[in-house]
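Atoms within each ligand, like the ligands themselves, are counted from 1 in listed order. Just so it is clear, the values below take in all heavy atoms, side chains as well, and ignore hydrogens, waters and symmetry mates. Here the structure is a predicted model, which is why all the values come from computation and not from measurement.
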Amino acid sequence: MPGTLEKLFRPSSIAVVGASRNPSKIGHLVLRNILSGGFEGRVYPVNPSAEQVLGLRSYPSLSSTPGGVDVAVVCVPAITVLDVVEDAGEAGVEFLVVLSSGFKEVGNMDLERELVVRARKHGMRVLGPNVFGYVYTPSKLNASFGPSEVLPGKVAFITQSGALGIALMGYSVVEGVGVSSVVSVGNKADIDDADLLEFFEEDQSTSAVLAYIEGVENGRRFVEAASSFSARKPLIVLKAGRTEAGARAAASHTGSLSSGPALWEGVLKQVGALQVKDVEAAFDYARLFSAYSSVAGLSTLVLTNGGGAGVQAADILAENGIYLGEPPRDYVEKLRTFLPSFASTRNPVDLTGGATEELYYLALKHALDHPEVDSVLVLYCETKVADPLQTAEAILRALEDSEAEKPVVAGLLGGEGSRRAVKRLAERGVPAYPTPERAARALAALHRYAWLRSMLEKRRVQAQPQLALLHE
Ligand code: COA
């Protein structure tokens, strides 16, 4: 049911149940994040022992708040949550976000089941329990006890691990990968990955999803939602429990049934998801897909001032099925007009260690303008000849000056200057990485996604006549 989570992400009003007066308590921190994040709807602290919390009038219950509540964030001990559910039902709440721990993850299956049964009875949906909350930047909503600073962007994180999710929020700011949303799903008693994928598939503010998954309850629903999502936007999955030892750890963390690692690998391939093995790769892909989600063809050109960096990149691309062809003849002729005679004009194009910023500009601009080049990987090894920041500026200038819209991915290897250059490019929306290998892997992921998407499309087209037969 796409669109059914609309009010969770775009509420008119939100209440924090258990909005503590104590600044170190979770309910207080959530309320503070909602207020400091700039949420423009109505905000109600609910705490029967307080008159005011953080300058707002406090209410003894949800049903005593004026004007209705769309979302109630529940921050009271598990044992009192069922009373809150009844109160929320009376108040006409639509979504309960239950932060409290003490449910399935510690063996309290009955309590968790009862929570969902009672919520459903009142027509409410439940996010959690056992979550750190959620963030949705288009609504300036940070209803979590994670960091207050959130960088708005286009990637949505869905995370089954609270601690990892909170860490990812901080990491996204440091790495410059902005988020449209961060959703902690915890025990997934009701709202699960499939519900969220359905929402994000339609969400204009989200261009890709990065999901940390330990396990799913309803495999069929997940496969349907993930396939549908991947056919339109990239889905990056960090699957925990890839080994038997990891699967056991996942079971004791959120009480998830993780299933066999081999089965998962097959499922993720089938649904067209991009599986990553660590947080670094997850962020590298997220950065890439924040900028691009498609590439016209396989013709990739590599530009480098270091032969070794070019070889490393060529290896990684080849391992991922991307073989570098010879550059177009008329492009080589252009290169010959400004490159030294000893420069290699094969692919990778070696601009030589003496390459200046201007050479980078010219080689990239001509490549972008050439109709037979589909994407460009720009590699740079720090030298005294080309300043890293100025090289980054040359890349940006070439992109600005060319009318072609082709993926450009950069790998800048070196010291502090190169690090700053990577950041500068990232801030301007160019996926840039501190090593040639990471840049090549990111570009390969773009090609892989293009291939996965075409496979999903083929499967959809092939399935149509069969479906028609079924309906006859
Ligand atoms: N309605 C509204 N407020 C209530 C309430 C109710 N039914 N019952 C209690 N309160 C108030 C309390 O008076 C208190 O406010 P005060 O500090 O101003 O007096 C506040 O709500 C919090 O209640 P308290 O009993 O102090 O709970 P707590 O803050 O110590 O713990 C949880 C509550 C939910 C944080 C805790 O039980 C928990 O589950 N912690 C783990 C959370 C977690 O890690 N989640 C997963 C993250 S990935």
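- No more than 12 heavy-atom neighbours from other residues, nucleotides or ligands sit within 6.0 angstrom of NZ on K269.
- Atom 10 (N) of ligand 1 has its nearest heavy-atom neighbour, among D83, V76, T80, V81, in V76.
- Side-chain atoms of V422 and R419, non-hydrogen and from C-beta on, never get closer than 4.5 Å to each other.
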Would you check, one step at a time, whether the test salt bridge (Lys or Arg N to Asp or Glu O under 4.0 Å) holds for R10 with D203? CA-CA 11 Å; R10 294 192 183 86; D203 183 32; 3.2 Å; yes

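- Every atom of ligand 1 is numbered from 1 in the order shown, and the set under 4.0 Å from a heavy atom of V46 is 2 (C), 3 (N).
- Looking at L364 and V376, their side chains come closer than 4.5 Å, going by heavy atoms from C-beta outward.
- The number of heavy-atom neighbours closer than 6.0 Å to CG of L151, taken from other residues, nucleotides and ligands shown, is above 12.
- Between F199 and F9, the ring planes lie parallel to each other; the angle is under 30°, not in the 30° to 60° tilted range.
- The protein atom (non-hydrogen) at minimum distance from atom 45 (N) of ligand 1 is L99 O, 2.9 Å.
- Looking from atom 46 (C) of ligand 1 to the surrounding protein, the closest heavy atom is N130 OD1, 3.3 Å.
- Here V131 has backbone heavy atoms under 4.0 Å from ligand 1, and that is the only part of it that gets that close.
- Side-chain contact between E280 and R438 is present, with at least one heavy-atom pair separated by less than 4.5 Å.
- Closest protein heavy atom to atom 33 (C) of ligand 1: C75 O, 3.6 Å.
- Which parts of ligand 1 touch V17 is read off a 4.0 Å heavy-atom cut-off, strictly below it: atoms 1 (N), 2 (C).
- For atom 39 (O) of ligand 1, a protein non-hydrogen atom is found at a distance below 4.0 Å.
- Of the options S58, S184, G18, the smallest heavy-atom separation from atom 22 (C) of ligand 1 is shown by G18.
- Under the 3.5 Å distance criterion, the side-chain polar atoms of S181 are matched with a main-chain donor or acceptor of V135.
- Closest to atom 3 (N) of ligand 1, if we only count protein heavy atoms, is P48 CD, 3.3 Å.
- Atom 17 (O) of ligand 1 has its closest protein heavy atom at S20 OG, 2.6 Å.
- Distances shorter than 4.0 angstrom occur between a heavy atom of S49 and an atom of ligand 1.
- Taking only nitrogen or oxygen atoms, main chain and side chain alike, S100 does not reach within less than 3.5 Å of ligand 1.
- Distance from atom 15 (O) of ligand 1 to its nearest protein heavy atom, with residue and atom name: N47 ND2, 3.0 Å.
- Residue-ligand proximity, I26 to ligand 1, at heavy-atom distances under 4.0 Å covers atoms 35 (C), 42 (C).
- Counting non-hydrogen atoms of neighbouring residues, nucleotides and ligands closer than 6.0 angstrom, the CD atom of E149 reaches no more than 12 such neighbours.
- When heavy-atom distances to ligand 1 are checked against a 4.0 Å cut-off, F103 has no atom that comes that close, whether in backbone or side chain.
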Checking salt bridge (Lys or Arg N to Asp or Glu O under 4.0 Å) for the pair E217/K188: CA distance, chi angles, key distance, verdict? CA-CA 8 Å; E217 289 285 337; K188 302 194 248 197; over 6 Å; no

Assess the residue pair F39 and Y136 against the criterion (ring-ring contact (aromatic ring centres under 6.0 Å, His included)); give the C-alpha distance rounded to whole Å, side-chain angles, the decisive distance to 0.1 Å, and a yes or no. CA-CA 10 Å; F39 175 64; Y136 187 63; over 10 Å; no

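- Near F145, meaning under 4.0 Å from one of its heavy atoms, ligand 1 places the atoms 47 (C).
- The residue among S161, S101, G162 with a heavy atom at the shortest distance from atom 42 (C) of ligand 1 is S101.
- Partner of L8 under the side-chain contact (heavy atoms from CB on, under 4.5 Å) criterion, out of L96, I191, D195: I191 alone.
- With hydrogens left out, the protein atom closest to atom 19 (O) of ligand 1 is R21 NH2, 2.9 Å, a heavy atom.
- Scanning the protein for heavy atoms near atom 36 (C) of ligand 1, the closest one is P77 CA, 4.7 Å.
- Contact annotation: for K25 versus ligand 1, heavy atoms closer than 4.0 Å belong to the side chain alone.
- The closest side-chain heavy-atom distance from D70 to I14 is not below 4.5 Å.
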